[in-house]
Amino acid sequence: MTESLLFLLTALRALVEVAGLSLLGQGIVGLLAGRRREENFVYRIFQAITRPAIRAIRAVLPAAIIDRHVPFVAFFVLLWLWLALAYVKRLLSA
């Protein structure tokens, strides 16, 4: 039971890590590309990868938070989730 739970935690942590690093990459490419970022192929790939995480965060955020800030909130939520999963994994493996 513990081995399958550790595998599940590891897989979930990997998904969170991919989404978080993709958000970080999207932000960096967005800064480098400037206003033409929507035309950038790499930016659109990052956008496709991060769309589920951003939509999930947008669903739980109040409407008062503007859409430009949602990726920042999503990144920090994913960061805290990644850290929490690492902590739980360490507790279970000890």
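Follow the hydrophobic side-chain contacts under 4.5 Å out from Leu23 and you never reach Val42; the two are in separate clusters. Ile28 is not connected to Ile45 by any chain of hydrophobic side-chain contacts under 4.5 Å among Ile, Leu, Val, Met, Phe, Trp and Tyr, and they are in different clusters. A continuous path of hydrophobic side-chain contacts links Leu6 to Leu12 [ILVMFWY only; heavy atoms under 4.5 Å].
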Which pairs would a plain distance check flag for residues 68-81, meaning a side-chain donor or acceptor within less than 3.5 Å of a matching protein atom at least two apart in sequence or in another chain?
none

Which atom pairs, one a donor and one an acceptor, fall under 3.5 Å between side chains of residues 85-94 and the rest of the protein, sequence neighbours left out?
{"from": "Lys89", "atom 1": "NZ", "to": "Thr10", "atom 2": "OG1", "distance (Å)": "3.4"}
{"from": "Ser93", "atom 1": "OG", "to": "Lys89", "atom 2": "O", "distance (Å)": "3.1"}
{"from": "Ser93", "atom 1": "OG", "to": "Arg90", "atom 2": "O", "distance (Å)": "3.3"}

For residues 49-66, which side-chain N or O atoms pair as donor and acceptor with protein atoms under 3.5 Å away, sequence neighbours left out?
{"from": "Thr50", "atom 1": "OG1", "to": "Gln26", "atom 2": "OE1", "distance (Å)": "2.8"}
{"from": "Thr50", "atom 1": "OG1", "to": "Phe46", "atom 2": "O", "distance (Å)": "2.9"}
{"from": "Thr50", "atom 1": "OG1", "to": "Gln47", "atom 2": "O", "distance (Å)": "3.4"}
{"from": "Arg58", "atom 1": "NH1", "to": "Ile65", "atom 2": "O", "distance (Å)": "2.8"}
{"from": "Arg58", "atom 1": "NH1", "to": "Asp67", "atom 2": "OD1", "distance (Å)": "2.7"}
{"from": "Arg58", "atom 1": "NH2", "to": "Pro62", "atom 2": "O", "distance (Å)": "2.9"}
{"from": "Arg58", "atom 1": "NH2", "to": "Ile65", "atom 2": "O", "distance (Å)": "3.1"}

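Residue pairs meeting the salt bridge (charged side-chain N to carboxylate O under 4.0 Å, His left out) criterion with at least one partner in residues 13-26, sequence neighbours excluded, are absent. Applying the salt bridge (charged side-chain N to carboxylate O under 4.0 Å, His left out) test to every pair with at least one member in residues 18-34, sequence neighbours left out, gives no pairs at all. Applying the salt bridge (charged side-chain N to carboxylate O under 4.0 Å, His left out) test to pairs two or more places apart or on separate chains, those with a residue in residues 19-37 are Arg36-Glu39.
For the atom pair CG (Leu21) and CH2 (Trp82), the distance works out to 8.5 Å, reported to the nearest 0.5 Å.
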